[in-house]
Structures are given as structure tokens and as C-alpha cells.
Amino acid sequence: MRPATWLWGVSAACALACNGGGGDTDATDGTGAPGTMTAGPSTGGNTPATATDDPPTGGPGAPTETGGASESSDTAPPVTTTDGTTGEPPDPNELGGPFRRGINIGVRNPNFSDPECAWLAAQVGCNSIRVSLPEQHLVTWGYDIEVPDIDAYAGMGLDHHIAFLTTPIREHSTAPEGTPDWELAHWIPQNLYEPATIDGAINPNNYWAEYVYKTVSTYKDHVDMWEIWNEPDWVADWNYTETWDTDPPTKEQLVRFGGSIFDYVRMLRVSKEAALLADPDAKIALGGIGYANFLDALLRYTDNPDGGAVTPEFPETGAAYFDILNYHYYPLWTPGNSDAGADGFFATRDGFAAKMAAAGLPERPYNVTEVGAPKAVVDGQPGGIEYARNFYIKVFARAQAEKFVGADWFILSDGDPGQVFGEMGLYQDIKDLPAKEDGVLSVTGVAARTLNTLLADSRADPAATAALAAGPDVRAYAFRLPDDRTAIVAWAYALGTDESTQTHWDMPTDASFDLHAWDFSQTGIATPLAPEGGLLGLDLTASPVILVES
């Protein structure tokens, strides 16, 4: 994952998240410090950024309002398709059912198996996992090494995963001689420009194609989306990205990928050909990108190593080779409260949508494989107990309402105190626990369990959301439960520096509801409410409530 010098400050994230599949062998040092492979040292992701590396407030390219608050649509993503027609974006329900309430598991307690960590995730209502299936792990232990674990996840109600593919084995890597094993995740494979297939079969001389084909063939029953690499647009200095609207991102800039934008387009192309050969329903997702102008470059260039030009051999830009627009977002450089942070999440989406529209391309379904917020203020960045729990509910409720495929929270367990990414867990630190049953939910975990339990298997209801006619000081989103009852998530909306806003809202309805606070999963308290004269009076605060039709 990205060190603190990246767009939204994703520091220790990758190493911590590279599990949930492969977690028993692809370990960190056991403290939560980054190290994507056994014996991998800390990458220093939590060290302070240098002044020249610090991104501007809100992150480069992120649209902002006066005062630094992120600007975003309030109720729905753009619905004007770029072929000139108007209509709804693609329906994510076609990609595996209800909204993915995902998680990055990590390996905080090295004595816990992946299924034990998955059990903890299921207790907070997660229904999916971001699974790591690097070539290095699968070749070392066998391609079917994670099959029993992933089967076990399904038995716990966690399925329809997204898996990210990375880390060629040393013999297949372009890494220089002497590169440590843990750093092989930063170098593309050799032979990427060999044909992916020959006479309808995988070409074993294209190492990446063979790896993708074998992995998809093995895990296609439980993985719906294949995330290609991890954060290919990571840069050590965000200033590099300022040129990407006109110039191609270079190998020298993309130091966690080890190739150019042309190489990434090639990787997507090879991945799609290999994956579809293994599974005609496979969906290719971008590798958790962070910069809209990286996407812009992806949409401009082909996989032609000669400047990305269109030729008969390289006929399509990168737009032809991905199905899911997958990104990462952390609100660490978005000043303000949880509403400002959540708005930044959707402003990022809107920035990507604008690039797709400018290229004349239809919108793609969205997924986010890393999103999180700290329960403490660290180094003056946004955070706090109320901030984190409110941010979780606001982002996940809005993402479902606005037709995201899903989102994967970072991370399952708290880590080292005082470290920003150590404060994002849905559980208090599990490092020294003797048994999974001893896990204790953090306040964010309590909020997650409340939302995820009450909205389990629900579907977004755009018409009912529109009928709520919430004013500018209210956010309200409606969902249809499996038994056809309505659920509504609502809160008082205000941009500011704290979580203290309040407002009164008369919700139009003739139905009665039970009101659940964010901590319902802990207290069990539900308050019955009945409308009067077609209105249900609600005194709302910045802490969302979930109303479930009686």
C-alpha cells in the first residue's frame, strides 16, 4: 500500500491488507508493520512525509469547495452516459448480488488462521473479503492452497470476493538481481508482451497470462472480480502526477509497479484475455488507483510500448480491458468532519467519472478495495471516535445507495496505538488474543455491525430515496429489505470541523418505523415511531440512524 506521501496517505495499508487468502504465509512482522512477504521489513510507510512530497489539501486533482471541503454529488452518481444517451449506470447487482460489505483482513495475530479472522469479519456483518492471491504465494504452496479457506469463508456467509493479483516469482520477475523477496511485488513480470494465448490456449511463455489463467480457473467459484496489481499509480512524489494529463506515466515514476502506463495497459489486456479463457464471466478491476489523471492516461494509450499508439497489433486503449473502476480512498488530507471525508470519497468517484465522460466512454461499476478512517487524531489529520464510526456508516450507506459494487474497509484489527493506520480496526487490537472469541469490537466495529446487520441482503431503492425529498441539511437513503420492508439511513448533514451538527426533519411517510442508533448492535435498543399526518418527525444529529419499517 501507499506510504504517507501518496494522495490520501495510505501508508502501511498494503502490507496489512495483503491477506484474506494467503494470510497464513504472506505475513507482516506480526506488529502490523508493512511487509508483504515473509521476512519482509517495514517499508516505513508511517514515517512523516517530506515537505516536497506532501500532497495539497484534499489531494491533487480532487475538486474542492471553498474551505477545502470536498465537492460531491449528494444523492446519485452521474447518469448521463458518454455515448450521448441518458440512463442509469450499469447495475452492480449483476456482478454477484447484494452490495459487498468487504474487509481487508490483515495478519495482526499471526496465531490466527485466515478462517478465524474471517469469522471475526462475519461477526461485524461483512459478507465478502478482499483476497490476496500473489503468484509467489501460489507457486510456493500450490495453486489450490487457499481453496479450503475460501470454501470456509463461504460457509460463514462471506463470498463473491474480489482478489488482487500481484508479485511474480523471482524467476518470472523483472526485478534486478538481489531484490529481496518482499519487494518483488513492485516489479512487473517478464514476457508480458508475449501473446497471451496461442491457438486458443494459454501461452506458458507469457508468465502473467499463465498465472492469471490458473488462478481464475481455481478460484472462479468464489471470486467475482480480479484486481490487477495493487496501486499501480503509487508515486514517491505526487508532483509527478501533474504531467499525466498530457504525458504518459513512466516506469521511473511508478516505483511500486516497475513498468510504464503502456505496461499496465498490457497487463490489463493479458489479464482479461487469460481470465475470460478460464471464466467467461470474469470481471477485471483496476488495481486500486488513486489519481484521476492516471485513469486519463490509461484511457489515452494502448499497450504499444512505442508511445502507446494505436496500430493493428495494439488496437485498443486501456478502456477496453477493465470492467470495474476500482480505487482506494482515505480521508486523511480532507479537512473537516465525517461529512467532508465522505464527500471526498464520492468526489473521487466523480473525478474518475469525469475522465470517462471526457473520453466518450460509458460509466463502469465502482468498487473501492481500501477505505478507512482513524478513531484518533494523528498528526492533525481528520479522525476521532465519532468521526470514524460516522464515516463508516455514511460511506457504506451512500456507496450502496449510489450503486457501487461494494467497498472493503481497512482494516479488521487495530494495530499500534498512535499510528494512523493502527486506529482503523473494526476490532480492538487482536494481536495477543488466545482465541477469536475474545475479540472486542471497536466503536467503528459496533457501528459497522449495526449497519451491516440491519441492511443485510438489502437493495438500494433510488425511487424511495428520491421520494424522501431530504433538504440540504439532511442526508437520507432508502433500501429495500429481502422481506420488502423499507430501511432508511439518515443523518444531519453539515460541513464543519466536528460531529456536533443537529437538525429536525419531517420525513414524508405513512409507515411506522423502528429507529436504531449507531450502537444498536451493542445496546439492542430500537425505538418505535409512528407518523402523524403523513410526516415522521426526526431530530437528527451527525451520527446516522437506521430506520426499519415496522
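What you see is a predicted model; the values in this text were computed from it and never measured.
- Within the structure, salt bridge (Lys or Arg N to Asp or Glu O under 4.0 Å) contacts touching residues 205-219 (residues at least two apart or in different chains) are Glu210-Lys214.
- The OH atom of Tyr264 lies 6.5 Å from the CD1 atom of Ile228; values are rounded to the nearest 0.5 Å.
- Annotation: cation-pi geometry not satisfied between Arg349 and Tyr327 (NZ/CZ under 6.0 angstrom from ring centroid, within 45° of ring axis).
- A cation-pi arrangement, defined by a distance under 6.0 Å to the six-membered ring centre and an angle within 45 degrees of its axis, is absent between Arg398 and Phe345.
- Both tests do not hold together for Arg101 against Phe396: distance to the six-membered ring centre under 6.0 Å, angle to the ring axis within 45°.
- Residues Tyr211 and Tyr207 place their aromatic rings such that the two centres sit no closer than 6.0 Å.
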Test salt bridge (Lys or Arg N to Asp or Glu O under 4.0 Å) on Lys251 and Asp263 and set out the steps.
CA-CA 9 Å; Lys251 173 182 176 179; Asp263 296 324; over 6 Å; no
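- Applying the side chain to side chain donor-acceptor pair (under 3.5 Å) test to Glu423 and every residue at least two apart in sequence or in another chain returns nothing.
- A side-chain donor-acceptor contact under 3.5 Å links Thr302 to the backbone of Ala309.
- Within the 4.5 Å cutoff, no side-chain heavy atoms of Glu227 are placed close to those of Leu165.
- No donor-acceptor pair closer than 3.5 Å links the side chain of Asn203 to the backbone N or O of Ile198.
- Qualifying side chain to side chain donor-acceptor pair (under 3.5 Å) partners for Trp229, counting only residues two or more places apart in sequence or in other chains: none.
- One distance of note links CG of Asp408 with SG of Cys126; it measures 8.5 Å at 0.5 Å rounding.
- Atom OH of Tyr193 sits about 6.5 Å away from atom CZ of Phe314, to the nearest 0.5 Å.
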